[in-house]
Structure formats: structure tokens, C-alpha cells
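Worksheet: the structure to be examined is printed underneath.
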Amino acid sequence: QFNVAPNSTPLSQVTLKFTAGSHLRVNGQTTYSMVIRPVDWNITKSIQVSAVDDGVDQGDIFSDTVTCSSTSSDYFYNGANITVKPVVAHIKNINKAGIELGQDDITVTQGGPSVSYMIRLT
């Protein structure tokens, strides 16, 4: 979770668009928009960031980002006139690549039939 609040009163409504990297969600979505109005600009708003379980092993910890763009008729809060730093999320990976054997001890007889066992990637 991180908090959002402008540094000063905007002269008009400001729309912030948050875009999550491919391994993240912002308030449960890949993109999320928030409106800040001059009447409530000083009330801190929270953004929830969550990681997507994609079933892929990317290592123990890896990073992704949430970016933000701003649009407004207020010159100072519009697009290229304001810099909003990206938020870097460090993701703890729960997926581990491996091999699962159905059994790890089998008995075969010389000259006898073959024995099968299950093997799968995890």
C-alpha cells in the first residue's frame, strides 16, 4: 500500500492514472484512475498494490513498477508539467521450479517386467 496526496491545492480536478507492471495489480486492476478535487486535495488517499501469482519461477525476489500519469486543466498538474515518480514493488516469489516423482524407491527383477512411475514438472 502507498499513499497519494498532492503538494498543493490544484486549481481544477486532477485525474491520476496508475498503471501496474505485468506482475502487479493496483486496487485489483491493471490500470486504476483516481480523481483529486480542489475541495479534498489534502485528504490522503491509499492505493493497494498486489502481486499476481503467475505460476512462474522468477527467482526468490524480483521487482516490478507502478507508474502514474496526471491530467488536469490546471497547468501545473497536467501531464508533462508534473513528474510523478514510479513506485517500485519488490515481489517475493512463491513459485519454485522442480520435479515431482510419484515414488522415489522402486524394485525391479532382472529379466522381469518393467516398472513405471510418474514424473512431472512443478
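The residues of the chain are indexed from 1 along the displayed sequence. Note that the structure is a prediction, hence the values are computed from the model and not measured.
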Over 12 foreign heavy atoms within 6.0 Å of CZ, Phe2: yes
Within the structure provided, determine whether [X] and [Y] are in side-chain contact (heavy-atom separation under 4.5 Å).
X	Y	answer
Asp57	Asn93	yes
Thr31	Val26	no
Ile47	Phe18	yes
Thr19	Val66	no

Acceptor/donor pairs from residues 5-17 side chains to any protein atom, 3.5 angstrom cut, sequence neighbours excluded:
| residue | atom | partner | partner atom | Å |
| --- | --- | --- | --- | --- |
| Ser8 | OG | Tyr77 | OH | 3.0 |
| Thr9 | OG1 | Trp41 | NE1 | 2.8 |
| Ser12 | OG | Ser72 | OG | 3.2 |
| Ser12 | OG | Ser73 | OG | 2.7 |
| Ser12 | OG | Asp74 | N | 3.1 |

By side chain to side chain donor-acceptor pair (under 3.5 Å), which residues pair with Gln48, not counting sequence neighbours? Gln1
Restricting to side chain to side chain donor-acceptor pair (under 3.5 Å), what partner residues turn up for Gln29, sequence neighbours left out?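 Once residues adjacent in sequence are excluded, Gln29 has no partner under the side chain to side chain donor-acceptor pair (under 3.5 Å) criterion.
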How far apart are the closest heavy atoms of Ile61 and Lys92, and which atoms are they? CG1-CA, 4.3 Å
Taking all atoms of both residues into account, what is the closest heavy-atom pair of Ser46 and Asn27, and its distance?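 Minimum heavy-atom separation between Ser46 and Asn27: O-ND2, 4.4 Å.
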Among pairs that include at least one residue of residues 80-91, which meet salt bridge (charged side-chain N to carboxylate O under 4.0 Å, His left out), considering only residues two or more places apart or in two chains?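 Every pair satisfying salt bridge (charged side-chain N to carboxylate O under 4.0 Å, His left out) with a residue in residues 80-91: there are none.
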With sequence neighbours excluded, give me every salt bridge (charged side-chain N to carboxylate O under 4.0 Å, His left out) pair touching residues 29-50. Arg37-Asp40
Answer yes or no: is there a donor N or O on one side and an acceptor on the other, between the side chain of Asp64 and the main chain of Ser22, under 3.5 Å? yes
Excluding sequence neighbours, so at least two apart, what forms salt bridge (Lys or Arg N to Asp or Glu O under 4.0 Å) with Asp53?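 Checked Asp53 against salt bridge (Lys or Arg N to Asp or Glu O under 4.0 Å); zero matches.
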Would Val4 and Val35 show up in the same hydrophobic cluster when neighbours are defined by side-chain heavy atoms closer than 4.5 Å?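 Cluster IDs for Val4 and Val35 differ.
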Find out if a path of hydrophobic residues (ILVMFWY) with successive side-chain heavy-atom gaps under 4.5 Å connects Val87 to Met34. yes
Going by the rule side-chain contact (heavy atoms from CB on, under 4.5 Å), which residues pair with Asp60 if we only count those two or more places apart in sequence or in a different chain? Lys96
For Val88, give me all partners under side-chain contact (heavy atoms from CB on, under 4.5 Å), at least two apart in sequence or on another chain. Ser63, Thr65, His90
Going through the distances and angles, do Phe76 and Ile82 end up as a side chain to side chain contact (heavy atoms under 4.5 Å, CB included)? CA-CA 6 Å; Phe76 295 106; Ile82 186 168; over 6 Å; no
Trace of the side chain to side chain contact (heavy atoms under 4.5 Å, CB included) decision for Asn78 with Thr71: CA-CA 4 Å; Asn78 189 43; Thr71 55; 4.0 Å; yes
Applying side chain to side chain contact (heavy atoms under 4.5 Å, CB included) to Arg25 and Val49, what does each step give before you reach the verdict? CA-CA 6 Å; Arg25 294 295 177 265; Val49 177; over 6 Å; no
Contacts of type ring-ring contact (aromatic ring centres under 6.0 Å, His included), residue Phe62, not counting sequence neighbours: His23
